[in-house]
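Residue numbering restarts at 1 for every chain, and letters A, B, ... go by the order of the sequence lines.
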There are 2 protein chains.
Amino acid sequence: MKEKVIESQIVFQGRLLKVEVDKVELENGVISTREVVVHRGAVAILPILYSGDIVLVRQFRLPANKVLLEIPAGTLSPGEEPLECAKRELEEETGYRAGKWNKLVSLFLAPGYSTECIHIFCAEELTMGEKHADEDEVISSEIVPFSKALEMVFNNEIEDAKTACAILFYNALKERRDDYGL
Amino acid sequence: MKEKVIESQIVFQGRLLKVEVDKVELENGVISTREVVVHRGAVAILPILYSGDIVLVRQFRLPANKVLLEIPAGTLSPGEEPLECAKRELEEETGYRAGKWNKLVSLFLAPGYSTECIHIFCAEELTMGEKHADEDEVISSEIVPFSKALEMVFNNEIEDAKTACAILFYNALKERRDDYGL
């Protein structure tokens, strides 16, 4: 099924994104082009307080042209390990440090045109560290009961895919644990 | 919290994607730039057979450099209604037509840099129509028991975000319906 890249042209090289136009040959012999956004990859963190409440961040997202409520997240620095990045981003965006980290899942967000793979972690045993967001980020964090967050996924008040995934994933895991009496 | 766009420059105009570099002023007065991928938006469909099994599609995704198992999906044609697009894509990619459509949720896949919003539908009462994928798509569809698909989300065999979201969302809805005895 693999597509063979015959020709690859970089059409944009930015600070965050690189864009290529690739000429490909499909297994059926058809020649086509693919527009590919090359992204370093990212992490997202579902931070769970001892109370069971979760920590979400609110920020204006220009591409969505609105303020979105999301789990903390960020782009990998070159050569950075996902878990290290997750620890850094959690503290930068919320001020929290976590004593317990678990990887939930890794997902391609838009595999039709973006190479971005996001690694989603669950962070527990939270203690307050020091918040220091990047100077070009305006972010406010808020504490939300898990049941309310789940409700916000169902009524689509949460409009961010990684956030919906993380909340639904954790909820399903929780119900499994309950099923198994864990 | 809004960011004010001071300057916008189109750096790439492709067949599927447009890329802009926007100079923005944040509410704290900081000037920054945003690299934005402008996308027409998309739809994805969770097709559920009378048996309760679901229909997934397998295709090579160049940006992921691997074959991914996903729910059927596609990009909106200019001016196309999401539901119309969903009906078209479901039949193109799987051959199925659905008697019952429900909107599950609309999500921004990568709101940090992409304008893409994907509308996820649930399609039921499926009957076989006529499969006719685009000539530059090599897609094979397969029928998967819902419980297996859910398992594949948990063990990360499913690596596509919209697919994980749709399966987890539908599963949570199902459990709610069961809770309410519906």
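Counting heavy-atom pairs closer than 4.5 Å to chain A, the top residue among B:R61, B:E35, B:Q59, B:K66 is B:E35. With chain B as the partner, the residue from A:S106, A:G14, A:A172 showing the most heavy-atom pairs under 4.5 Å is A:S106. Looking only at heavy-atom pairs under 4.5 Å with chain B, the residue among A:C117, A:G112, A:A110 that has the most is A:G112. Note on B:K162, B:E116, B:E27: by heavy-atom pairs under 4.5 Å with chain A, the leading option is B:E116. Chosen from B:P111, B:A73, B:A64, the residue pairing most often with chain A at heavy-atom distances under 4.5 Å is B:P111. Taking chain B as the reference chain and counting heavy-atom pairs below 4.5 Å, the highest number among A:L26, A:I31, A:V36, A:V24 is found for A:L26.
Atom NZ of A:K23 has 12 or fewer heavy atoms from other residues, nucleotides or ligands within 6.0 Å. Within 6.0 Å of CD in B:E81 there are 12 or fewer heavy atoms belonging to other residues, nucleotides or ligands. Environment of NZ in A:K2: crowded, with over 12 heavy atoms of neighbouring residues, nucleotides or ligands closer than 6.0 Å. The neighbour count for A:K4 NZ, taken as heavy atoms of other residues, nucleotides or ligands under 6.0 Å away, does not exceed 12.
Residue B:V21 touches chain A through its side chain alone, counting heavy-atom pairs closer than 4.5 Å. Interface remark: A:F12 contributes side-chain atoms only to the contact with chain B (heavy atom separation under 4.5 Å). At a 4.5 Å heavy-atom cutoff, the contact between A:V11 and chain B is made by backbone and side-chain atoms alike. Heavy atoms closer than 4.5 Å to chain B are found in both the backbone and the side chain of A:T115. At a 4.5 Å heavy-atom cutoff, the contact between B:E70 and chain A is made by side-chain atoms alone. In this structure, the portion of A:L68 lying under 4.5 Å from any heavy atom of chain B is its side chain and not its backbone. Residue contact with chain B, scored on non-hydrogen atoms closer than 4.5 Å, involves the backbone and the side chain of A:V105 alike. Both the backbone and the side chain of B:T33 have a heavy atom closer than 4.5 Å to some heavy atom of chain A. In this structure, chain B has no heavy atom under 4.5 Å from any part of A:N155. For A:V38, no part lies near chain B; criterion is any non-hydrogen pair under 4.5 Å. Only the side chain of B:V67 has a heavy atom closer than 4.5 Å to any heavy atom of chain A. Looking at A:T163, neither its backbone nor its side chain comes within 4.5 Å of chain B, counting heavy atoms on both sides.
Here the straight-line distance linking atom SG of B:C85 with atom CG of B:L76 works out to 4.5 Å at 0.5 Å rounding. Summarising the geometry, atom CD1 belonging to B:I120 is positioned 14.0 Å from atom CG belonging to B:N102; distances are rounded to the nearest 0.5 Å.
Looking at B:S114 and A:Y113, their side chains do bring a donor and an acceptor atom within 3.5 Å of each other.
A:R58 places no side-chain N or O within donor-acceptor distance of the main-chain N or O of A:S140, the cut-off being under 3.5 Å. The backbone N or O of B:I158 lies less than 3.5 Å from a partner atom in the side chain of B:N156, making a donor-acceptor pair.
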Exercise. Should B:L62 and A:D22 be marked as a side chain to side chain contact (heavy atoms under 4.5 Å, CB included) after you check the CA-CA gap, both sets of side-chain angles, and the distance that decides it?
Worked result: CA-CA 9 Å; B:L62 184 63; A:D22 295 342; 3.6 Å; yes

Problem set entry | Check against side chain to side chain contact (heavy atoms under 4.5 Å, CB included), B:W101 and B:E124 | CA-CA 6 Å; B:W101 287 89; B:E124 293 168 284; over 6 Å; no

